[in-house]
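Written below as structure tokens is the structure these notes are about.
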Amino acid sequence: MKYNTIIIGGGLGGLVAGGTLSKFGKKVLLIEQHHKPGGCATTFKRGDFIIEVGLHEMSGLTENGSIRNIFKMLEVDKNVQFEQVPEFYGVVSDKEDFVFPHGYDAATKALIDRYPEDEKGIKRFMKLISGIRKEAVKLPRTPLKRKLLYPLMPLLYPNLVEATRHTVGSWLDKYVTNENAKLDLVAHIAYWGDDPYTLSMFYFGMPFSGFIEAGGHFIKGGSQQLSNYLASYIEKNGGSVLLGKTAEKIITHNGKVTGVTFRDSFNERSEPITISCDNVVANCAIPLVPAMLDAPYSTQLQQKISSKSNSCSLLCMYLGFKTDVGKFGVKHYSNVFQGNDVNALKDIKKNHLGDWSKRRFIFVDYGKVDAELAPPNKSEGVICAVDYLKNWENLNEEDYKAKKEEVAQVLLQRLEKQFPGIRNSIEYYEVSTPKTIQRYTMNPSGSVYGYAQTKEQTASKRFRNNFLIPNLYFASAWAFPGGGFEGSIQGGFLAALQMNRDKIWSKCVDVKYNDQRAVALLERKEIDQKMLELSFEKPVHFSYQQGQHAILKLLNPKVTELDLPYRWLPVVSLTKEKKLLFHIKLDGSSFSESCQQLNIGEKSLIFGPVV
């Protein structure tokens, strides 16, 4: 069995690369270690709520821009809905909120009205970030053409040149005088990094301009909708998406990649499997790749990345409310709390390392758009703040839980102070730390943006395409152009374009990998009015102990409203039986209704066993 391309990792970069290559007629195999695709573009379910893991608002949906064109090519625009958020963000305080609106004219006016003494600097800022996006899309794609244009760069691309020479902090200090104006301009810095004095002005300006020009957008139903669709697109076009599979080895021979070895992520007894290919896309974190390679490539790659610094991580506190929180004074979709000890730009990084009672954070109210994350009478939100793995990694389980609860109570107290009454409306809350991000995405140090977007690690200085082995490509937050939804999507698309130009392909027979974890329903019966029993074929090599669980994932759920098509369930059959039995609570959820409508012989995926 052979595939044209094997993609390691099912984040947005890998999914878009796979979708684009399958559009080009290539046979694609995508391997993802989690039981669902998406990386940070995923959701999970808690009670009545679909919890959005990563997306607060997405940039880049400019008219005729690259993201819209990619979505049109892959028919995303016909299958996934995007909701524009009301404004870029609001900076909240106990005095007067500052609202940063969409649109260059409106944003410029709002800033000048607030800081008339900095009119010149504000207009220069808007001109710069607008120019960054306009000039970046005109840059030649090939290194040779860019090299030939280098002497003319200051003349042809003045805004790009200016932006790449500055950090956000150095530029603002040069052209803007009022510290509060600077703080309002970088209120959302957590979506890019943690320190304005190391963050590249070029990287900051690209998504910033996208937000102002086209507005921020949220994916209706959560970012999992986009990830699921892209995975289905790959399969619809002849490819395979294998979830719950961890890549262990990238096979090389005579200076080229020849295949990938992977193993079941949930079943330690499973045998490793090797499949050959023409080329590989590493959508996983680049620091994980050296361990998958033999010498000399493992050493070469380790040397190239040894001096690179990782981005910050994030702490997210997910919140489910019994009601619309607008009644408590929440006016904006994205509400920025600047931090009690932040008086100047230089205070931001120190604040991100400081006490949670003063830490800057963003509170997003998904109820301000038709997010479809909560029932009509309820709403959902999230608190997001810069954080670091070092604050969590050496704690034992008991201390880890205690610290999460301590941080949660501090944040809830601050939220209540700003919006009196909101705390009593909370039905559900849960804290995700950098340790959580590292566990589920395998990103070292829980770095959500890959390598930090410093001047030394951004734009052309970022790893790109096949810099190590001719047919090993890189497309992730760690590679070019960088993190975030917009950057990852572009990175996957650009990698696919480069692969198509390189034409490292051979003819593959139309035989797909047979996932033996997809098993048929043998029997369905209602035990009583509250419980359904499902009996499935036992997957090959599925050996379990009493008390263990499995993940049951429906491949074709009939009902999907406010639910996800999987559950972690105890295995109730005896270990020696040749079938697997699960009991499903008939709780009126879409999952339970879909289980009731499963047809005998219909296949579902079973991951496990898990403790």
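Only this structure's heavy atoms are used, side chains among them; waters, hydrogens and symmetry mates stay out.
- For the side chain to side chain contact (heavy atoms under 4.5 Å, CB included) test, residues two or more places apart in sequence or in another chain that qualify with Thr20 are Val16, Phe24, Met73, Leu74, Phe493, Ala496.
- Each of Val280, Val281, Val289 was checked for a side chain to side chain contact (heavy atoms under 4.5 Å, CB included) with Ile8, and the lone residue meeting it is Val280.
- Residues Phe591 and Leu564 fail the side-chain proximity criterion, which asks for heavy atoms closer than 4.5 Å.
- The side-chain heavy atoms of Cys284 and Met292, taken from C-beta on, include a pair separated by under 4.5 Å.
- Tyr3 places a side-chain N or O within donor-acceptor distance of the main-chain N or O of Tyr513, the cut-off being under 3.5 Å.
- With contacts defined as side-chain heavy-atom distances shorter than 4.5 Å, the pair Pro609/Phe542 qualifies.
- Side-chain contact between Gln490 and Ile67 is present, with heavy atoms from C-beta onward closer than 4.5 Å.
- Residue Glu397 qualifies as open at atom CD: its count of foreign heavy atoms under 6.0 Å is 12 or below.
- Although no hydrogens or angles enter the test, the distance criterion places a donor-acceptor pair under 3.5 Å between the side chain of Glu416 and the main chain of Ile422.
- In this structure, His188 and Phe211 have perpendicular ring planes: the angle between them is above 60°, well past the 30° mark.
- Note that CD of Gln597 is 11.0 Å distant from CG of Leu554, once rounded to the nearest 0.5 Å.
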Q: Before giving the answer on side-chain contact (heavy atoms from CB on, under 4.5 Å), spell out for Phe419 and Asn335 the whole-Å C-alpha distance, their side-chain angles and the decisive distance to 0.1 Å.
A: CA-CA 11 Å; Phe419 307 119; Asn335 304 268; 4.3 Å; yes

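- Checking side-chain atoms of Glu87 against main-chain N and O of Tyr89 turns up no donor-acceptor pair under 3.5 Å.
- In this structure, the side chains of Phe218 and Val364 stay at 4.5 Å or more apart for every pair of heavy atoms.
- In this structure, CD1 in Ile584 is found 4.5 Å from SG in Cys595, a value given to the nearest 0.5 Å.
- The residues Asp528 and Lys530 are annotated as not salt-bridged, no charged nitrogen and carboxylate oxygen being separated by less than 4.0 angstrom.
- Sorted by first and then second residue, the side chain to side chain donor-acceptor pair (under 3.5 Å) pairs with a member in residues 556-573 read Lys36-Tyr566, Tyr544-Ser573, Lys558-Glu602, Asp563-Arg567; sequence neighbours excluded.
- Atom-to-atom distance recorded for Leu230:CG and Phe71:CZ is 7.0 Å, nearest 0.5 angstrom.
- A salt bridge (Lys or Arg N to Asp or Glu O under 4.0 Å) check over residues 423-451, counting only residues at least two apart or in different chains, returns the pairs Arg46-Glu430, Lys378-Glu427.
- Counting only N and O atoms by type, the side chains of Gln84 and Tyr333 include no donor and acceptor under 3.5 Å apart.
- Remark: Ile383 CD1 to Leu412 CG distance equals 6.0 Å, nearest 0.5 Å.
- Judged purely by atom type and a 3.5 angstrom limit, Glu32 has no side-chain atom pairing as donor or acceptor with the backbone of Pro37.
- Remark: Tyr318 pairs with no residue by the side chain to side chain donor-acceptor pair (under 3.5 Å) rule, at least two apart or across chains.
- The minimum heavy-atom distance linking Thr246 with Ser265 is given by the pair OG1-OG, 2.7 Å.
- Looking at Lys368, its side chain never comes within 3.5 Å of a backbone N or O of Pro86 through a donor-acceptor pair.
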Q. Between Leu30 and Leu15, is a side-chain contact (heavy atoms from CB on, under 4.5 Å) present by the stated rule, with each step listed?
A. CA-CA 8 Å; Leu30 185 145; Leu15 289 166; 4.0 Å; yes

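- No donor-acceptor pair under 3.5 Å is formed between the side chain of Arg360 and the backbone N or O of Val386.
- The ring of Tyr449 has its center no closer than 6.0 angstrom to the ring center of Trp192.
- Counting heavy atoms of neighbouring residues, nucleotides and ligands inside a 6.0 Å radius, atom NZ of Lys512 exceeds 12 of them.
- Heavy-atom minimum distance, Ile362 versus Val336: CG1-CG2, 4.2 Å.
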Donor-acceptor list for residues 440-448 side chains, cut-off 3.5 Å, not counting sequence neighbours:
residue	atom	partner	partner atom	Å
Thr441	OG1	Ile437	O	2.6
Thr441	OG1	Asn443	N	3.2
Thr441	OG1	Asn443	ND2	3.2
Asn443	OD1	Trp478	NE1	3.1
Asn443	ND2	Ser447	O	3.4
Ser445	OG	Asn310	ND2	3.2
Ser445	OG	Ser447	OG	2.6
Ser447	OG	Ser311	O	3.0
Ser447	OG	Pro444	O	3.2

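- Ring pair His35/Phe266 is tilted by interplanar angle, where 30° to 60° counts as tilted.
- In terms of heavy atoms, Leu226 sits closest to Val76 at CD1-CG1, 3.7 Å.
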Q | Criterion side-chain contact (heavy atoms from CB on, under 4.5 Å) on Lys23 and Tyr233, from CA distance to verdict | A | CA-CA 9 Å; Lys23 174 78 173 182; Tyr233 186 89; 3.0 Å; yes

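- Contact record, Leu12 with Ser227: CD2-OG, 4.0 Å, taken as the closest heavy-atom pair.
- Looking only at distances, a side-chain donor or acceptor of Arg359 sits under 3.5 Å from a matching main-chain atom of Gly354.
- In this structure, the side chain to side chain contact (heavy atoms under 4.5 Å, CB included) partners of Asn391, at least two apart in sequence or on a different chain, are Asp387, Tyr388, Lys403.
- Side-chain atoms of Arg68 come within 3.5 Å of backbone N or O of Leu61 as a donor-acceptor pair.
- Counted within 6.0 Å of NZ on Lys585, heavy atoms from surrounding residues, nucleotides or ligands total 12 or fewer; the atom is thus considered open.
- Using a 4.5 Å heavy-atom cutoff, the side chains of Ser313 and Leu389 are not in contact.
- With rounding to the nearest 0.5 angstrom, the OG atom of Ser425 is 9.0 Å from the CG atom of Leu319.
- Around the NZ atom of Lys538, the shell of radius 6.0 Å holds more than 12 heavy atoms that belong to other residues, nucleotides or ligands.
- Between the NZ atom of Lys603 and the CG atom of Leu521 there is a distance of 12.5 Å, given to the nearest 0.5 Å.
- In this structure the side chain of Glu393 reaches within 4.5 angstrom of the side chain of Lys390, judged on heavy atoms.
- Counting heavy atoms from C-beta outward, Glu52 and Leu373 have side chains that approach closer than 4.5 Å.
- A donor-acceptor pair shorter than 3.5 Å can be found between the side chains of Glu405 and Gln409.
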Q | Stepwise side-chain contact (heavy atoms from CB on, under 4.5 Å) test for Thr323 and Phe328 | A | CA-CA 10 Å; Thr323 185; Phe328 306 112; 3.8 Å; yes

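- Donor-acceptor pairing under 3.5 Å is lacking for the side chains of Tyr191 and Ser59.
- With Leu534 as the fixed residue, the side chain to side chain contact (heavy atoms under 4.5 Å, CB included) test singles out one of Leu569, Leu552, Leu581: Leu552.
- Between the side chain of Glu75 and the backbone N or O of Lys78 there is no donor-acceptor pair closer than 3.5 Å.
- Between the side chain of Ser223 and the main chain of Thr42, a donor-acceptor pair closer than 3.5 Å is present.
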